[in-house]
K.L.:
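Submitted below is the structure of interest, expressed as structure tokens.
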Amino acid sequence: MLIAPSLLSADFGKLREEIEMLNESDADLIHVDVMDGRFVPNISFGFPVMDVLKKYSSKPLDIHLMIVEPEKYALRFAEAGADWISFHLEATVHAHRLLQQIRDAGKKAGIAINPQTGVSQLEPLLNDLDFVNIMSVNPGFGGQNFISSTLKKVAGLEKIRSAQQLGFLIEIDGGVNLQTAGILRDAGADILVAGNSVFRSENPSAEITRLKNV
Ligand code: DX5
Ligand code: ZN
């Protein structure tokens with residue numbers, strides 16, 4: 001399983017040290033939550049922080065766009081050093097086009113879905129994406145409780161994936177900790193995003209290793 005610590009819960013007063021800790025850890029990706037105050041009721045960070053991440057991170061950057069009209073900014077994030085880019089199905093009317101554009105830019109393209117969106121809505125896109133980000137909390141904030149009905153969605157998507165022999169990865173985002181990680185893995189999750197459980201633990205690097213080995 002791949003572990004993607006979410007920077008949203010990091011200590012921004014020592015961002016460089018946090019990135020260096022992640023570089024030394026068993027993290028596979030660094031998950032970067034971009035919020036615009038419109039798609040979600042919160043604002044996080046943008047390009048200046050991307051520059052710092054690019055400069056100091058040795059891990060691939062997994063950019064999760066929680067913004068309306070992601071087609072306006074996704075390619076700029078690609079230029080800014082994103083390696084993986086996901087945007088919300090609920091935020092654009094041209095999801096397929098944007099997936100193609102992200103792939104054409106040489107990046108891994110993903111779609112994120114809110115808790116109320118069913119996996120059946122992804123079916124027409126599954127041949128043309130590299131990963132699906134299933135949100136297991138309502139996007140906008142770290143530290144929320146895992147929504148348990150997400151598990152059925154993971155299992156449902158995994159079933160479609162095996163039936164159609166597709167190769168996309170399933171990422172889970174929100175409320176992931178040592179308690180929820182095991183059941184998510186069993187349901188078919190490949191990438192676990194973890195914010196609070198990593199950065200609020202006594203030893204974030206050890207917590208990443210524990211999540212990875214769950
Ligand atoms: C929420 C973000 C998540 C968040 C997860 O909108 O997309 O990536 O950082 O945080 P935790 O792991 O604390 O639920
Ligand atoms: Zn996220």
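Whatever order the structure lists them in is the order used to number ligands and atoms, beginning at 1. We number each residue from 1, following the sequence as shown.
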K.L.:
Nearest protein heavy-atom contact for atom 9 (O) of ligand 1: which residue, which atom, what distance?
P.N.:
S6 OG, 2.7 Å
K.L.:
Please list the nearest protein heavy atom to atom 3 (C) of ligand 1 with its residue and the distance rounded to 0.1 Å.
P.N.:
D173 OD1, 2.9 Å
K.L.:
Among all protein heavy atoms in this structure, tell me which lies nearest to atom 10 (O) of ligand 1, with the distance rounded to 0.1 Å.
P.N.:
G142 CA, 3.6 Å
K.L.:
For ligand 1, is there an N or O atom under 3.5 Å from any N or O atom of S9?
P.N.:
no
K.L.:
What heavy-atom pair brings L211 and A181 nearest, and what distance separates the two atoms?
P.N.:
CD2-CB, 3.9 Å
K.L.:
Please test Q121 against E90 for side chain to side chain donor-acceptor pair (under 3.5 Å), starting from the C-alpha separation and ending with a verdict.
P.N.:
CA-CA 10 Å; Q121 294 193 43; E90 304 88 355; over 6 Å; no
K.L.:
If you count the atoms of ligand 1 from 1 in the order shown, which ones are under 4.0 Å from a heavy atom of V193?
P.N.:
8 (O)
K.L.:
Quiz question: by atom type and distance under 3.5 Å, do the side chains of D33 and S6 form a donor-acceptor pair?
P.N.:
yes
K.L.:
Is any N or O atom of G175, backbone or side chain, closer than 3.5 Å to an N or O atom of ligand 1?
P.N.:
yes
K.L.:
For atom 12 (O) of ligand 1, what's the nearest protein heavy-atom neighbour? Residue, atom name and distance, please.
P.N.:
G195 N, 2.7 Å
K.L.:
Below 4.0 angstrom from a heavy atom of P139, which ligand 1 atoms are there? Numbered from 1 as shown, please.
P.N.:
6 (O)
K.L.:
Output yes when a side-chain donor or acceptor of D173 lies under 3.5 Å from a complementary backbone atom of N133, and no otherwise.
P.N.:
no
K.L.:
Taking 4.0 angstrom as the limit and counting only heavy atoms of M66, give me the atoms of ligand 1 inside it, by number and element.
P.N.:
6 (O), 7 (O)
K.L.:
Keeping to distances under 2.8 Å, can you name the protein N/O/S atoms close to the Zn ion (ligand 2)?
P.N.:
H31 NE2, D33 OD1, H64 ND1, D173 OD2
K.L.:
Under 4.0 Å between a Lys/Arg side-chain N and an Asp/Glu carboxylate O for D130 and R103?
P.N.:
yes
K.L.:
Quick one: does N23's side chain have a donor or acceptor within less than 3.5 Å of a partner on Y56's backbone?
P.N.:
yes
K.L.:
Starting from atom 6 (O) of ligand 1, find the nearest protein heavy-atom neighbour and note its residue, name and distance.
P.N.:
G140 N, 2.7 Å
K.L.:
Are more than 12 heavy atoms from other residues, nucleotides or ligands located less than 6.0 Å from atom OH of Y73?
P.N.:
no
K.L.:
Given 3.5 Å as the limit, does a donor-acceptor pair link the side chain of K54 with the main chain of G81, or not?
P.N.:
yes
K.L.:
Under a 4.0 angstrom heavy-atom cut-off, which atoms of ligand 1 come close to H31?
P.N.:
8 (O)
K.L.:
At a 4.0 Å threshold, what atoms of ligand 1 neighbour a non-hydrogen atom of G143?
P.N.:
11 (P), 13 (O), 14 (O)
K.L.:
Checking S44 now: which residues fulfil side-chain hydrogen bond (donor to acceptor under 3.5 Å, both in side chains) with it, not counting sequence neighbours?
P.N.:
none
K.L.:
For A194, which part has a heavy atom under 4.0 Å from ligand 1: side chain, backbone, both, or neither?
P.N.:
backbone
K.L.:
Record the part of L8 in heavy-atom contact with ligand 1 below 4.0 Å; permitted values are side chain, backbone, both and neither.
P.N.:
side chain
K.L.:
In the protein, what heavy atom is nearest to atom 1 (C) of ligand 1, and what distance, to one decimal place, separates them?
P.N.:
F141 O, 3.4 Å
K.L.:
Using a 4.0 Å cutoff against the non-hydrogen atoms of N196, which atoms of ligand 1 qualify?
P.N.:
11 (P), 12 (O), 13 (O)
K.L.:
Just wondering, are more than 12 heavy atoms of other shown residues or ligands nearer than 6.0 Å to CD in E24?
P.N.:
no
K.L.:
Run the side chain to side chain contact (heavy atoms under 4.5 Å, CB included) check on I19 and L53 step by step: do they pass?
P.N.:
CA-CA 7 Å; I19 299 166; L53 291 172; 3.6 Å; yes
K.L.:
Under 3.5 Å, side chain of E18 to main-chain N/O of D11, donor-acceptor pair present?
P.N.:
yes
K.L.:
Using a strict cut-off of 4.0 Å, indicate which atoms of ligand 1 neighbour a heavy atom of H64.
P.N.:
7 (O)
K.L.:
Under 4.0 Å, counting heavy atoms only: does G174 come that close to any atom of ligand 1?
P.N.:
yes
K.L.:
Could you check whether D104 pairs with R97 (Lys NZ or Arg NE/NH1/NH2 to Asp/Glu carboxylate O, under 4.0 Å)?
P.N.:
no
K.L.:
Does a donor on one side chain sit under 3.5 Å from an acceptor on the other, for T180 and N177?
P.N.:
yes
K.L.:
Under 4.0 Å from a heavy atom of D33: give me the atoms of ligand 1 that qualify, with their elements.
P.N.:
2 (C), 3 (C), 4 (C), 7 (O), 8 (O), 9 (O)
K.L.:
Surrounding NZ of K107 (heavy atoms of other residues, nucleotides or ligands, distance under 6.0 Å), is the total greater than 12?
P.N.:
yes
